[in-house]
Protein chains: 2
Amino acid sequence: MNEIGLRRRATVHDVARAAGVSLATVDRVLNSRPGVRAATAEKVEAAIAEIGFQRDLSASLLARARDLKLSFIIPDGSNEFMASLADAVARRVGPALADRMHIETHRIRALDADALARSLDALDARQCDCAVIVAGEEPSVQAAVDNATRRGIVVMTLVSDLPGTLRRHFIGIDNAAAGRTAASLMGRFLPDGGKVAVIAGSLHLRDHSDRLEGFRAALAAEFPAIEIIGPIEGHDERSETQAIVAELLERHGDLAGLYNLGAGNSGLVAALEASKRAGAIRVIAHELTDPTRRGLRSGAIDVVLDQNPDGEIREAIAAARSLALGSSGKPVTDPIEIGIFLRDNLR
Amino acid sequence: MNEIGLRRRATVHDVARAAGVSLATVDRVLNSRPGVRAATAEKVEAAIAEIGFQRDLSASLLARARDLKLSFIIPDGSNEFMASLADAVARRVGPALADRMHIETHRIRALDADALARSLDALDARQCDCAVIVAGEEPSVQAAVDNATRRGIVVMTLVSDLPGTLRRHFIGIDNAAAGRTAASLMGRFLPDGGKVAVIAGSLHLRDHSDRLEGFRAALAAEFPAIEIIGPIEGHDERSETQAIVAELLERHGDLAGLYNLGAGNSGLVAALEASKRAGAIRVIAHELTDPTRRGLRSGAIDVVLDQNPDGEIREAIAAARSLALGSSGKPVTDPIEIGIFLRDNLR
DNA sequence: TAGGTCATGATGCACGTACCTCATATCTGG
DNA sequence: CCAGATATGAGGTACGTGCATCATGACCTA
């Protein structure tokens, strides 16, 4: 049984009193309006820190008589995982509205850096407080991220990070750990070693390159008997991935394992089943989607590593909320966990 | 690219206009104050439904000049999972405060139904909007839940449900599915069948009985060669569980598996290690805590099924928020997923 | 029909913040 | 030392809802 705090929460009035300045000055500091001497601003900051003032987000949004505007920019195309991300966003639109958050989704051509950059450039700070993007590490995108940030838009990366840019936050799994987990499983599946082919979407995608690195490192350290073939880029595309897998199967009669660290899994399953070798090759893929579910059920895929799109969207929205009013530090977010799915624990 | 809605969100004023009544009447209906004829109330309800009015929770809390008061009632004792639940609550106290939610935690003696009932009875509706409890299915608790609900306190169950009471919501994993998953893994671990002992905390706990049922059903259906010993109740207690496991090991020299669907895992690991048979017996336990982590690392435990306490607390808080203002329907919550942990994907 | 009860309307203040205007104080440069 | 620029203060209104008060009108009953 702990005590109920009787102390009111601190308000702007308290800050003004503590700092020995007027309400107007506190307001100018809080909302970084011009016309405050540095020394005065410091007094206010000190008072804020001392009495532990936290601006009331709800009252703030109420006073502005406007909603927080959030834009998700998500790749389009045949990538089912991106579709499920978009679905997750759609499911949150309603509830978010009740918290004064207005969410819109833009779908752009997958792996088209310039389209993404244009989309970011087109965002107006008055109509968008925060942009959440799924992006690869291309210079044009990185520049657009920094530009948007300078225009006053909080940019967050989702799924795949853009370290080195002005993005305020990244939401996604630890992809190197995912790669290591895949390696650890694959190693145990193949105690005698053998050839394992690796397929990626694009090595410009940070998540893909991180997975690859983790996979390679863990295999090298723990399972040196396994030989890696690839990586080969399938551009997260159904038909391209299918062609790649078909050729791999044809060329390597002794292929023991397959790790697809990107998307395009319906192509993968199709090629495996066409070859009649489904079930004889240990296959690890990413993201629980329709094709991977079918693959698990049929036995074509052994393990799926999943990054829980609903959880990611939830965290993205929460982080956006807490970042929106210039809270300086990192937002408190639960880490996204790597889900491991076999045929038996399919949800 | 979808359109930005230009329409303002509906307010109480809009409801009043649409219903052809005054603001005061709308207020009476919304806050179920007396003095409104049934016919009038219906007009208001209809208007609310028609224009899709949703009360602004933040403005509402602001107007009341008070925080939402949330009480977590969590068992005390040597149960590490309950400790990690309490930790998860503690981590949320700060961020929740920024959303005008005041959280307090009560720890009560584990498995003491009367203590829990007293604790619920002591809650004052003016100082507690919502209670979140972890409880077994005892009549005194069920009565206390219904009582608290009638006093105007929203009661939610956490981890273990109380179907048949007036509790508004349950947050936790699908425990029958967890039991089935355990069975599915155990069956694959023991292709030749054998004796598997089952230990529970208390079969009055709905989560435990659900797991047991799922485990039994799945074994019976898929792995008839496995013989179940027990269940034996260890009351989620370290020393009692240790004694039980020690005796099981002594009595059954041919014990092939052990499923602890309750807590007390430090006792389980201690007994296994003392017997020198750790690693030779397939062991499945629940909840990722210090003892189960150690057990996974040492090989004494093969698999841990986990229910993500942080996620549960997060969902509980979100649900409390959405239920607080008498929103009639179910709150939108992400289901809590069953995490599967082996030595290699320990987080 | 007078007196009472009940349903409803009208209105105003409060909550914590944003943002505006206007007045005054303090500093700066020549 | 004064004009002009800049910094600060004072105070108001608004946001959407909760809650209180008071007035009015309808209806019932003796």
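Below, chain A is the first sequence line, B the second, and so on; all start at residue 1.
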### Message
Among B/Arg167, B/Arg206, B/Arg168, exactly one meets salt bridge (charged side-chain N to carboxylate O under 4.0 Å, His left out) together with B/Asp161. Which residue is that?
### Response
B/Arg167
### Query
What is the bend of the helix from C/dT1-D/dA30 to C/dG30-D/dC1 when you compare the axis at one end with the axis at the other, using five pairs each and rounding to 10°?
30°
### Query
Taking atom CZ of A/Arg151 as the centre, does the number of heavy atoms from other residues, nucleotides or ligands within less than 6.0 Å exceed 12?
yes
### Query
Will you find, in the side chains of B/Arg55 and B/Asn31, an N or O donor that is under 3.5 Å from an N or O acceptor?
yes
### Message
Under 4.0 Å, heavy atom to any atom of DNA chain C: which of residues 40-50 of chain A qualify?
### Response
none
#### Entry: Side chain proximity check, A/Glu137 to A/Ser160, heavy atoms < 4.5 angstrom
no
### Message
Contact between A/His106 and A/Ile74 at the side-chain level, heavy atoms closer than 4.5 Å - yes or no?
### Response
no
### salt bridge (Lys or Arg N to Asp or Glu O under 4.0 Å) partners of A/Asp14, counting only residues at least two apart
A/Arg8, A/Arg17
Contacts table for residues 138-147 of chain A: side-chain donor-acceptor under 3.5 angstrom, sequence neighbours left out:
unit_1, atom_1, unit_2, atom_2, d
A/Ser140, OG, A/Asp114, OD1, 3.3
A/Asp146, OD1, A/Leu166, N, 2.7

### Query
Can you list every pair that meets salt bridge (Lys or Arg N to Asp or Glu O under 4.0 Å) and has a residue in residues 30-54 of chain A, with sequence neighbours left out?
A/Asp27-A/Arg33
Enumerate all atom pairs, one protein N or O and one N or O from nucleotides 10-17 of chain C, separated by less than 3.5 Å.
unit_1, atom_1, unit_2, atom_2, d
C/dC15, O2, B/Leu62, O, 3.2
C/dC15, O2, B/Ala63, N, 3.2
C/dG16, N2, A/Ala59, O, 3.4
C/dT17, OP1, A/Asp56, N, 3.2
C/dT17, OP2, A/Val12, N, 2.8

### Task
Flag the pair B/Asp67 / B/Arg100 as yes when at least one side-chain heavy-atom distance between them is below 4.5 Å, and no otherwise.
yes
### Query
Hey, mind stepping through B/Leu158 and B/Leu85 against side-chain contact (heavy atoms from CB on, under 4.5 Å) and telling me if it holds?
CA-CA 10 Å; B/Leu158 184 66; B/Leu85 266 186; 4.1 Å; yes
